[in-house]
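Comments concern the structure below.
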Amino acid sequence: MDSLEPILRGHPFFANFADEHIRLVTGCARNRRFEVDQYLFHEGESADEFFLIRHGKVALEIHSPGQPPMVLATLDEGEIAGVSWLVPPYRWMFDARTLEPTRALGIDAACLRNKCDADHDLGYTMMTRFLPAIVKRLHATRLQILDIYGKR
């Protein structure tokens with residue numbers, strides 16, 4: 001079986017990652033394929049894997065009783081899906097559904113958390129990579145709230 005290391009190294013999230021850290025993360029990675037309208041994860045489920053989108057589009061959605069799902073963000077090639085794996089209780093806060101056929105690398109969350117605990121430099125690097133993604137999602141959600149509730 002070929003190594004996923006070159007694919008991982010080529011993903012924008014891991015640009016300029018140290019070689020030894022790429023090797024550690026590769027040990028937690030696997031190829032994933034999703035068809036249209038397939039879920040990567042559901043709100044409330046265990047956040048045991050996050051995804052590096054290689055091709056396709058993924059909608060991050062929240063549900064409200066009696067309402068259609070609200071799309072918080074649409075993720076494209078080069079982006080990550082899932083940050084809930086970082087913080088206990090490790091449960092998804094929304095759904096992630098494919099809008100078109102999607103290929104991704106799935107990263108086993110427990111595997112990576114263990115490696116980050118053992119190698120604090122890796123843990124720090126992962127946090128500095130994830131924090132901008134978290135801030136971007138918070139900002140996008142803020143803009144949606146302003147758009148929805150700012151209209152009177």
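Please read all numbers here as calculations on a predicted model, not as lab measurements. Counting begins at 1 with the first residue of the sequence. The figures here come from the full heavy-atom set of this structure, side chains too, leaving out hydrogens, waters and symmetry mates.
Judged purely by atom type and a 3.5 angstrom limit, Thr98 uses its side chain to pair as donor or acceptor with the backbone of Gln38. When atom types are taken as modelled, the side chain of Thr102 and the backbone of Glu100 share a donor-acceptor pair closer than 3.5 angstrom. Side chain of Gln67 to main chain of Ser64: no donor-acceptor pair is present (N/O by atom type, distance under 3.5 Å, no hydrogens or angles).
Pro69 is not listed as a side-chain neighbour of Asp95, based on a closest heavy-atom distance of 4.5 Å or more. Residues Leu86 and Arg113 are not in side-chain contact: their nearest non-hydrogen atoms beyond the backbone lie 4.5 Å or more apart.
Listed here is the closest heavy atom pair of Trp92 and Val83: CZ3-N, 3.9 Å. Residues Ala96 and Leu60 share a closest heavy-atom pair of CB-CD2, 3.8 Å. When all heavy atoms of Cys111 and Gly27 are compared, the closest pair comes out as SG-O, 4.1 Å. Residues Met93 and Ser84 come closest through the heavy atom pair CG-OG, 3.5 Å. Scanning all heavy atoms of the two residues, the minimum distance from Val25 to Ile107 falls at CG1-CD1, 4.2 Å.
Taking the six-membered ring for Trp and the full ring otherwise, His42 and Tyr39 have centroids separated by under 6.0 Å.
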> What's the verdict on side chain to side chain contact (heavy atoms under 4.5 Å, CB included) for Ile53 and Asp76, showing C-alpha distance, side-chain angles and the deciding distance?
Replying inline: CA-CA 7 Å; Ile53 300 173; Asp76 294 303; over 6 Å; no
> Do Phe17 and Met126 pass the side chain to side chain contact (heavy atoms under 4.5 Å, CB included) test, and can you show the C-alpha distance, the side-chain angles, and the key distance before you say yes or no?
Replying inline: CA-CA 10 Å; Phe17 229 61; Met126 290 300 296; 3.6 Å; yes
> Can you list the steps and then say if His11 with Leu105 is a side chain to side chain contact (heavy atoms under 4.5 Å, CB included)?
Replying inline: CA-CA 10 Å; His11 195 278; Leu105 285 181; 5.8 Å; no
>> Under the criterion side chain to side chain contact (heavy atoms under 4.5 Å, CB included), I'd like the reasoning laid out for Val58 against Thr74: C-alpha separation, chi angles, the key distance, then a yes or no.
In response: CA-CA 6 Å; Val58 175; Thr74 302; over 6 Å; no
> Are Arg97 and Glu61 close enough, and set up right, to give a salt bridge (charged side-chain N to carboxylate O under 4.0 Å, His left out), and what steps lead you there?
Replying inline: CA-CA 8 Å; Arg97 181 179 55 86; Glu61 303 173 333; 2.5 Å; yes
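Taking the side-chain contact (heavy atoms from CB on, under 4.5 Å) definition, one finds that Arg32 meets it with Arg30, Phe34, Glu49, Phe51, sequence neighbours left out. Residues passing the disulfide bond (SG atoms under 2.5 Å apart) test with Cys116: none are found, sequence neighbours excluded. For Lys115, there are no side chain to side chain donor-acceptor pair (under 3.5 Å) partners, not counting sequence neighbours. With sequence neighbours left out, the side-chain contact (heavy atoms from CB on, under 4.5 Å) criterion links Glu20 to Ala18, Arg23.
Judged by distance alone, the side chains of His21 and Asp121 never bring a donor and an acceptor atom under 3.5 Å apart.
Tracing side-chain contacts under 4.5 Å through hydrophobic residues (I, L, V, M, F, W, Y), one never reaches Leu112 starting from Tyr90; they form parts of separate clusters. The same ILVMFWY cluster, assembled from side-chain heavy atoms under 4.5 Å apart, contains both Met127 and Phe13. Connection of Leu72 to Leu75 is established within a shared hydrophobic cluster, with ILVMFWY side chains joined at heavy-atom distances below 4.5 Å, either directly or through further cluster members. Both Leu122 and Leu131 belong to a single network of hydrophobic side chains, linked directly or stepwise wherever heavy atoms of I, L, V, M, F, W or Y lie under 4.5 Å apart.
For Arg129, the CZ atom is densely surrounded, since the number of other residues' heavy atoms within 6.0 Å is greater than 12.
For the atom pair CG (Leu8) and CG (Leu24), the distance works out to 11.0 Å, reported to the nearest 0.5 Å. Remark: Leu4 CG to Arg9 CZ distance equals 12.5 Å, nearest 0.5 Å. For the atom pair OG1 (Thr26) and CD1 (Ile7), the distance works out to 9.5 Å, reported to the nearest 0.5 Å. Going from atom NZ of Lys57 over to atom CD of Glu77 covers 9.5 Å, rounded to the nearest 0.5 Å. Taken to the nearest 0.5 Å, the CZ atom of Arg33 stands 5.5 Å off from the CZ atom of Arg103.
Evaluation of the ring pair (Phe, Tyr, Trp, His ring centres under 6.0 Å) test over residues 98-128, restricted to residues two or more places apart or in two chains, returns none. For residues 64-89, the pairs satisfying ring pair (Phe, Tyr, Trp, His ring centres under 6.0 Å) are Phe50-Trp85, Trp85-Phe130, with sequence neighbours left out.
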